[in-house]
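Values below: every heavy atom of this structure, side chains too, minus hydrogens, waters and symmetry copies. A, B, ... follow the sequence lines: proteins, then strands. Residue 1 opens every chain.
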Protein chains: 2
Amino acid sequence: MVTKGNAFDPNCPTRTILDRIGDKWTVLVVLSLRSGPLRFTELRDGIGRVAPKVLTQTLRRMERDGLITREIFPEIPPRVVYTLTPMGGSLIEPISVITDWAETHVPAITKAQAAYDEFA
Amino acid sequence: MVTKGNAFDPNCPTRTILDRIGDKWTVLVVLSLRSGPLRFTELRDGIGRVAPKVLTQTLRRMERDGLITREIFPEIPPRVVYTLTPMGGSLIEPISVITDWAETHVPAITKAQAAYDEFA
DNA sequence: CCTCGACGGTATCCATTGGTAACTGGCTAC
DNA sequence: GTAGCCAGTTACCAATGGATACCGTCGAGG
């Protein structure tokens, strides 16, 4: 049925990656870094309310996955800069496709929800 | 910075939709229904281990969002059929873009993870 | 007759996780 | 001196995800 490395197998790495991409904060980090490297606080402030803990987790995961790099400048005050890797940058395209879809279908979905709730 | 209805605002409906799409099970349901309507148990068995509760939640949400329809045939034994709406079907494209990306980058990501863990 | 299984789910419980609030350390500016 | 910045970390807690068990209704089988 599903020919290529199928996402239905929980052990399939594709599934894991799908989970990463599906992660709310990961998407927002990619979009934030789209126009250039940013520091921790810049990311935190740019993205709406993110708990620093969660942001750290997200960034570490992304670093591990090779989507971003983390550069530490041992200055005072400390400076840490996050940059999209080429692979991370290649995610912008797919993400744009999704966000475009979402934006064009917002009205239809909102309407569907209203219609559904009508009968509830 | 972000021109179009920006996903950084937690109240932006785009964000909500992004969360939906990011949902593991939603994606798998769409892919499952790609080749035609299915019944509850067919979905449950087709998708790897899903708790029925979670599948129900997912399906209800998708129905509310107008991505699928739910038809009940008052037979014995009961029969409930889920079908992709045109809007739901239009999600296949974007999802394919993502899964394609995931599949092509699986090796690179796996390698990145291994390299990262080397130093841990 | 009595039980068993199919079907499309609930109900109940537990583990993991997402998120909040407070704190750290080193230095600088007031 | 003390207040604040930076990049987090460390409790702690509510919510969510998920596994398991169960429900009513019916026909089939023994």
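- Atoms CD1 and CG, on A:Ile95 and A:Asp100 in that order, are 11.5 Å from each other to the nearest 0.5 Å.
- Between the CG atom of A:Leu55 and the P atom of C:dG18 there is a distance of 13 Å, rounded to whole Å.
- Look at CD on A:Gln57: it is 10 Å from P on C:dG19, rounded to the nearest Å.
- Looking at B:Ser32, its side chain never comes within 3.5 Å of a backbone N or O of B:Leu43 through a donor-acceptor pair.
- Residue pairs meeting the side-chain hydrogen bond (donor to acceptor under 3.5 Å, both in side chains) criterion with at least one member in residues 50-60 of chain B, sequence neighbours excluded, do not occur.
- Between the CG atom of B:Asp19 and the C1' atom of D:dT16 there is a distance of 13 Å, given to the nearest Å.
- Look at A:Arg44 and you won't find any side-chain N or O under 4.0 angstrom from OP1 or OP2 of D:dA7.
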Distance-only criterion, 3.5 Å: show the donor-acceptor pairs between side-chain atoms of residues 111-119 of chain A and protein atoms not counting sequence neighbours.
residue	atom	partner	partner atom	Å
A:Gln113	NE2	B:Asp65	OD1	2.8
A:Asp117	OD1	B:Arg64	NH1	2.9
A:Asp117	OD2	B:Arg64	NH1	2.4

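- Here A:Arg49 does not reach the OP1 or OP2 of C:dG19: none of its side-chain N or O atoms lies under 4.0 Å away.
- For the residue pair A:Met87 and A:Leu67, the shortest heavy atom distance occurs at CG-CD2, 4.2 Å.
- Looking at B:Leu55, B:Ile47, B:Leu59 one by one, the single match for side chain to side chain contact (heavy atoms under 4.5 Å, CB included) with B:Trp25 turns out to be B:Ile47.
- As rounded to whole Å, 14 Å separates atom C1' of D:dG18 from atom CD1 of B:Ile47.
- Spacing between atom CZ of A:Arg20 and atom C1' of C:dT17 amounts to 14 Å, rounded to whole angstrom units.
- Take B:Trp101 and apply the ring pair (Phe, Tyr, Trp, His ring centres under 6.0 Å) test, not counting sequence neighbours, and it matches B:His105.
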Would you tabulate the nitrogen or oxygen pairs shorter than 3.5 Å linking the protein to nucleotides 9-11 of chain C?
residue	atom	partner	partner atom	Å
C:dG9	OP1	B:Arg60	NH2	3.1
C:dG9	OP1	B:Arg70	NH2	2.3
C:dG9	OP2	B:Tyr82	OH	2.8
C:dT10	OP1	B:Arg60	NH1	3.4

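- As judged by a 4.0 angstrom heavy-atom cut-off over every strand, A:Arg79 is placed among residues touching the sugar-phosphate backbone only.
- From one end of the helix from C:dC1-D:dG30 to C:dC30-D:dG1 to the other, with five pairs defining each end axis, the axis direction shifts by 30° (rounded to 10°).
- Between A:Gly89 and A:Leu84, the shortest heavy-atom contact is CA-CD1, 4.0 Å.
- Residue A:Lys24 places no side-chain N or O under 4.0 Å from the OP1 or OP2 atom of C:dT17.
- Of all the heavy atoms in B:Arg70 and B:Ile72, the pair that sits closest is NH1-CD1, 3.6 Å.
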Please tabulate the protein-to-nucleotide N/O contacts below 3.5 Å involving nucleotides 22-30 of chain D, giving atom names and distances.
none

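- C:dT17 atom P lies 12 Å from atom CG of A:Asp23, rounded to whole Å.
- Distances shown here put a side-chain N or O of B:Trp25 below 4.0 Å from the OP1 or OP2 atom of D:dG18.
- The distance from atom OG1 of A:Thr110 to atom CD1 of B:Ile17, rounded to the nearest 0.5 Å, is 6.0 Å.
- Within a 6.0 Å sphere centred on CD of B:Glu75, heavy atoms belonging to other residues, nucleotides or ligands number more than 12.
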